[in-house]
Amino acid sequence: MKRRLFAALMGLMMLFSLTACGAAKSDAAMDMAAPGMTTNGAFREESKMESESFDSSMNYGGDIYYEEPSAPMEDKVETGTGSLGPVEQKLIRTAWMEMETTEFDEASKGLAQLTEDFGGYYETSTLTNRNSGSRWGNYVIRIPAEEYTAFLNQMGELCHVTRQESNQEDISEVYYDTAGRLKTQQIKLERLQTLLAKAEFMEDIITIESAISETEWQIDSLSGTLRHYDSKVDYATVNVTLHEVYKLSNVETVPDTFGERMGNAFGDGMKDFVDGLEDLAVGFAYSWMWWLLIAAIVVLVIRTARKRIAKKLSLKKQKAGQSEEQG
């Protein structure tokens, strides 16, 4: 009996020993497979976006790793050709207008009021006085993009337009590319900050802080670029040149008959002749001092020439008289 009892106890002890060894091996295997630890016990961050693809991997020393995410895709859509295109078109609108007016003060006030009514503002304003006494104004006006067309139409009614030009620049591709890179840098910054909070070694801390500083600089630069683009897209630019004239330029129309064409030709010829005489008179009035100086010089030259001619004739007469006396 004693031998049987001893054998049973030995069997139970061996069974307990085998069970304990199996449990220990299982726990060790689970520890080795844990995603938050490496083989030497250092922390290894687990990706929060397992479904995303990554452009590159960066090792910040020791066993701490950071994986940089690719550009986010939610700001882009598929186009008909299968390539990625922007969700909303981004356009920079710019216009140039040259106008004439015989009432410069009223026109400039009307332009300022029209700009205010459409929710715009003057970016720059320049006023120049010409030698002829007329004035010339140059304005750079920013108008909300949705009011751009209506503002140009109202400008045409405010003054006599002699030239108008407009341009649209599509910056959609570069805009959304910049927005995607900004979002990538923001995600990168969040992950670096998470790594910094869990880093234990000084070497890792210094390396991660340097990467954070560089990432923050990239975020500031990209954010400033987007703000610049938004300003250009949200507000159109209208460059206005306003001339003060005493007579507006005629707007020519196509005549219907030969008689009308001949009549217009005679009328335009007479008008050009009269305008030329007026311009000549005005030019003479501005430069009368120069004309007076020129006239004085001409008179002096003529008198000097006459004196020389008279002196030569007198010498010839004297020589002729002496010759007769000798003969």
The side chain to side chain contact (heavy atoms under 4.5 Å, CB included) partners of Thr124 (sequence neighbours excluded) come to Val140
Tell me every residue that passes side chain to side chain donor-acceptor pair (under 3.5 Å) with Thr94, counting only those two or more places apart in sequence or in another chain. none
side-chain hydrogen bond (donor to acceptor under 3.5 Å, both in side chains) pairs touching residues 212-221, sequence neighbours excluded, are none
Which pairs count as salt bridge (Lys or Arg N to Asp or Glu O under 4.0 Å) when at least one residue sits in residues 221-232, sequence neighbours excluded? none
Side chains of residues 289-311: which donor-acceptor pairs under 3.5 Å do they make with residues two or more places apart or in other chains?
{"from": "Trp291", "atom 1": "NE1", "to": "Ser287", "atom 2": "OG", "distance (Å)": "3.2"}
{"from": "Thr304", "atom 1": "OG1", "to": "Leu300", "atom 2": "O", "distance (Å)": "2.8"}

In chain order, what residues pass the salt bridge (charged side-chain N to carboxylate O under 4.0 Å, His left out) check against Glu165, with sequence neighbours excluded? Arg163
Using a side-chain heavy atom cutoff under 4.5 Å and only I, L, V, M, F, W and Y, what cluster partners does Trp96 have? none
Applied to residues 104-129, the salt bridge (Lys or Arg N to Asp or Glu O under 4.0 Å) test, sequence neighbours excluded, yields Asp105-Arg135, Glu123-Arg142
Among residues at least two apart in sequence or on other chains, which ones pass side chain to side chain contact (heavy atoms under 4.5 Å, CB included) with Tyr246? Glu278, Asp279
Please give the remaining members of the hydrophobic cluster of Met155, linking ILVMFWY side chains under 4.5 Å, ordered by chain and number. Met97, Met99, Phe104, Leu111, Leu114, Phe118, Tyr122, Leu127, Tyr139, Ile141, Ile143, Tyr148, Phe151, Leu152, Leu158, Val161, Val238, Val240, Leu242
Please go through Tyr121's hydrophobic cluster and name the other residues, only I, L, V, M, F, W, Y counting, with side-chain heavy atoms under 4.5 Å joining them. Tyr235
Tell me, please, which residues at least two apart from Thr162 pass side chain to side chain contact (heavy atoms under 4.5 Å, CB included). Glu98, Glu100, His160
